[in-house]
Protein chains: 2
Amino acid sequence: MKDKNITIIDIAKQLGVSKSTVSRALKDHPDISKATKDRVNALAKKLKYKPNATAISFRQQRSRIIGLIVPQISPFFFPSIIKAVEKEVHKRGYNLMILQSGESEKRERDNLEILLHNNVDGILASVSRKTQNFDHFESLIEEHIPIVFFDRIPKNIKADCVLIDDFDGAYRAVEHLIKTGRKKISICIGNPNLLISQNRLEAYKKALNDYALPFDDNLVISGESTLEAYKATDDLINSSHKTDSIFAISDLTMSGVMQAIYKNNIQVPDKIAVIGFCESIFSKMYQPTLSYINPLGKKIGKKAAQLLLDRIDNEESQNSIKQILLSGELVINGST
Amino acid sequence: MKDKNITIIDIAKQLGVSKSTVSRALKDHPDISKATKDRVNALAKKLKYKPNATAISFRQQRSRIIGLIVPQISPFFFPSIIKAVEKEVHKRGYNLMILQSGESEKRERDNLEILLHNNVDGILASVSRKTQNFDHFESLIEEHIPIVFFDRIPKNIKADCVLIDDFDGAYRAVEHLIKTGRKKISICIGNPNLLISQNRLEAYKKALNDYALPFDDNLVISGESTLEAYKATDDLINSSHKTDSIFAISDLTMSGVMQAIYKNNIQVPDKIAVIGFCESIFSKMYQPTLSYINPLGKKIGKKAAQLLLDRIDNEESQNSIKQILLSGELVINGST
DNA sequence: ACTGGTTGCACAACCGGTTGCGCTTCTATG
DNA sequence: CATAGAAGCGCAACCGGTTGTGCAACCAGT
């Protein structure tokens, strides 16, 4: 039970003016004399008046809240996205309501409901891995609720999207391995159904092909979780396929790969080189520090937020749908 | 620009009843006949009526939003806290607005302002490392805004708190090292000004004392960041002090410690045993997997949310201030 | 003195629900 | 048959700002 807040009515009464005058005085409206404005501002300050955001949201029919749906807050590059989104959004006078789907389609739908109930002015979303049916997002678009997808986007969606250029990044990672003399390059993908796995695998194939290296199905392993990636890598290492390098397409798979490497006491990069597609912070958690393609969470967050806010703020010229591809950065460290 | 939403007035008009009747029908008020309720509910469903949460917040003078302030979303156990808080809060019909202070006192104050502007019904907070002056929190308490602190709490604050039992956990970690035969036990703390560092260091001293081991200042190292912890550990390893085990009091220091260990090619646990005070997921990122005290983010989040919601929902019996200590769990893995 | 324009403010509607109160109409009871 | 009470619904105020409109007071120009 909070104490009652000061309202413009309190100020109006004490000053013997109407509440509309107070309202306009506070917003420096030209209709109000300087003398009145000064009196109002002085009293407002004295009483520690805080405008009631709920009342304003209600009146304006806009909450100045942006909804953000992510699969998970934590692993691994979402935090940097969130940070960037938060910064951009605050800069333009909005706030953020962050919800996690936990990779569940049901919770994703529930979260969308929550955001709508809270009258968010727009939504930023990265879809859950398990979501198969995207009609909850499609109906938002039909209702013209501004929405921008990032990183994990629904198939064939008619909305703004901001993406890592998976293909480009993966290609450069593999190319880097090739250029440092590797011949039996493995790739550890995540869930094969994810677009991200597919794209990065395609790039891997293309790079091999471009450099005239054979594609060997045995060198493609997959693990949806760290543990699965660990097992798959362990199997690969102890198989007859003699890989000389591994490209791990995500933080989670990377973690699994490195565990297997430690377990088997493999020299990196002498015996096997490793390159990831991960956040810089994780590359530093291993020895030697890992080479990686940085997925640039910060850039994604900033760009996605900008697209959304532009769409909200400028009501016109919104017919064009923008799909933005951001290129990851290749950082070379001790593992290659 | 979103499409206009259906309101109870739309329903009322179509049905030829007043909006108060619609409102009551929707909430199953006894004054309304079953026939009318059925008609209202049917039409509401047909039109996909969604109550306007902003209007309700405004009228009820409560937002059903809980504000959550954390230093950072990511490293390392905040995600599990957030997840638990989110779950608890949703269960009781509230939503979460998450803000990060980024370990900055200014942003912590700004975030508090944002939450107040958004009329949150209560606040969960873990304070920034750099915050020295807590009057922004104290004035909240004076205004009787429900608030619960967790993990990092202001000194001498008169509010509910939920804490890890640092002392207990650290004691058990050191005790475990002692019982496995270590004699020259080091501790790597974070910022020495933090309560967490101080408490865990005290426990370390007490455990040594209880088991009749001498305290040696040279075995206490500190690193506020991973890099600093790395350097401090590296120095220690290459010094004459011959430590046989290290207790790292946080995820960040742990990461630094392990990097130094890898760099110096030290056998774990043969030459140096390592134990952390970290999330389970991080213990698995090293080889051998690390023994650790689990700070139980999930429990903290749940408990903190429950305390806050209880305080919000039951208006009475709120005079007592609760300070809750949760014990971490000792998990023994390959590193000790 | 009359007109036209400007200045500075008040009034009231409005946003979408909630809720106390009061008004019918119908039923039951003495 | 009169009347008390209940059932079912409408009216209007209210939450705290914002904003279109109206209008009095004043000034300058003719």
Side-chain angles (χ1 to χ4, degrees), chain A residues 1-41 43-44 47-65 93 116-121 143, chain B residues 1-41 43-44 47-65 93 116-121 143:
Chain A
M1 359 93 254
K2 300 175 288 184
D3 293 357
K4 207 182 156 305
N5 288 320
I6 306 289
T7 72
I8 54 170
I9 299 180
D10 299 324
I11 298 179
K13 275 186 187 156
Q14 290 197 35
L15 255 36
V17 298
S18 75
K19 64 173 186 172
S20 48
T21 299
V22 175
S23 171
R24 283 190 253 253
L26 290 170
K27 341 186 66 189
D28 205 25
H29 191 284
D31 268 8
I32 308 298
S33 69
K34 177 149 190 330
T36 306
K37 279 179 189 167
D38 289 347
R39 287 202 303 149
V40 168
N41 284 316
L43 187 58
L47 298 179
K48 290 184 188 169
Y49 165 75
K50 305 254 172 68
N52 180 327
T54 313
I56 296 173
S57 299
F58 178 48
R59 174 64 226 246
Q60 317 276 39
Q61 301 289 82
R62 58 191 319 216
S63 57
R64 297 200 84 79
I65 294 178
L116 294 182
H117 275 250
N118 278 280
N119 244 315
V120 294
D121 291 343
E143 291 179 47
Chain B
M1 2 105 251
K2 299 175 288 183
D3 293 359
K4 208 183 156 307
N5 288 320
I6 306 290
T7 72
I8 54 168
I9 300 180
D10 299 324
I11 298 180
K13 276 187 187 156
Q14 289 196 36
L15 255 37
V17 297
S18 75
K19 64 173 186 172
S20 46
T21 299
V22 175
S23 171
R24 283 189 255 252
L26 289 170
K27 343 186 63 188
D28 204 24
H29 191 286
D31 269 8
I32 307 299
S33 69
K34 176 147 191 332
T36 305
K37 280 179 189 168
D38 288 347
R39 287 201 306 148
V40 168
N41 284 316
L43 187 56
L47 298 180
K48 293 183 186 168
Y49 165 76
K50 307 252 171 66
N52 181 327
T54 313
I56 296 171
S57 299
F58 178 48
R59 175 64 226 246
Q60 317 275 39
Q61 300 290 81
R62 60 194 315 222
S63 57
R64 297 200 85 76
I65 294 178
L116 294 183
H117 275 252
N118 279 280
N119 244 316
V120 294
D121 292 342
E143 292 179 48

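Quick note on labels: first sequence line is chain A, next is B, and so on, each numbered from 1.
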Enquirer: Is a donor on one side and an acceptor on the other found under 3.5 Å between the side chain of K48(B) and the backbone of I6(B)?
Expert: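 Between the backbone of I6(B) and the side chain of K48(B) there is no qualifying donor-acceptor contact (under 3.5 Å).
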Enquirer: Of the residues in residues 8-20 of chain A, which ones touch DNA chain D at a heavy-atom distance under 4.0 Å?
Expert: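 Of all residues in residues 8-20 of chain A, the ones placing a heavy atom under 4.0 Å from DNA chain D are I8(A), K19(A), S20(A).
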Enquirer: For T21(B), which residues count as a side chain to side chain contact (heavy atoms under 4.5 Å, CB included) partner, sequence neighbours excluded?
Expert: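 T21(B): side chain to side chain contact (heavy atoms under 4.5 Å, CB included) contacts with V17(B), S18(B), I32(B), T36(B).
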Enquirer: Please report the interatomic distance OG1(T54(A)) to CZ(R59(A)), rounded to the nearest 0.5 Å.
Expert: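 Separation between the atoms: 15.5 Å.
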Enquirer: Using chain B heavy atoms and a threshold of under 4.0 Å, write down where along DNA chain C the contacts begin and end, 5' to 3'.
Expert: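 Taking any atom under 4.0 Å from a heavy atom of chain B, the span is dG16(C) to dG20(C).
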Enquirer: Contact between S57(B) and N119(B) at the side-chain level, heavy atoms closer than 4.5 Å - yes or no?
Expert: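 S57(B) vs N119(B): side chains apart.
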Enquirer: Going from CG on N41(A) to OH on Y49(A), what distance comes out if it is rounded to the nearest 0.5 angstrom?
Expert: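 N41(A) atom CG to Y49(A) atom OH measures 11.0 Å (nearest 0.5 Å).
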Enquirer: Write down the atom of K50(B), the atom of H117(A), and the distance for their closest heavy-atom approach.
Expert: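 K50(B) and H117(A) have their closest heavy atoms at CD-NE2, 4.1 Å.
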Enquirer: At 10 degrees resolution, what angle do the end axes of the helix from dA1(C)-dT30(D) to dG30(C)-dC1(D) form when each is taken over five base pairs?
Expert: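 Inter-axis angle at the ends, rounded: 60°.
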Enquirer: Under 4.0 Å from any atom of DNA chain C, heavy atoms only: list the residues of residues 21-39 of chain B that qualify, in numerical order.
Expert: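 Of all residues in residues 21-39 of chain B, the ones placing a heavy atom under 4.0 Å from DNA chain C are S23(B), R24(B), K27(B).
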Enquirer: Side-chain donor-acceptor contacts of residues 7-15 of chain B below 3.5 Å, not counting sequence neighbours, with atom names and distances?
Expert:
residue : atom : partner : partner atom : Å
T7(B)   : OG1  : I9(B)   : N            : 3.1
T7(B)   : OG1  : D10(B)  : N            : 3.4
D10(B)  : OD2  : T7(B)   : N            : 2.9

Enquirer: Are the side chain of N118(B) and the backbone of V120(B) linked by a donor-acceptor contact shorter than 3.5 Å?
Expert: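 Here the side-chain-to-backbone pair does not exist.
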Enquirer: Within the 4.5 Å heavy-atom criterion, are K19(B) and S23(B) side-chain neighbours or not?
Expert: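 With C-beta onward as the side chain, the pair stays apart.
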Enquirer: Does any non-hydrogen side-chain atom of L26(A) lie less than 4.5 Å from one of V40(A)?
Expert: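 Heavy-atom side-chain distance check passes, below 4.5 Å.
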Enquirer: Distance check, rounded to the nearest 0.5 Å: E143(A) atom CD versus L116(A) atom CG?
Expert: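 Those atoms lie 7.0 Å apart.
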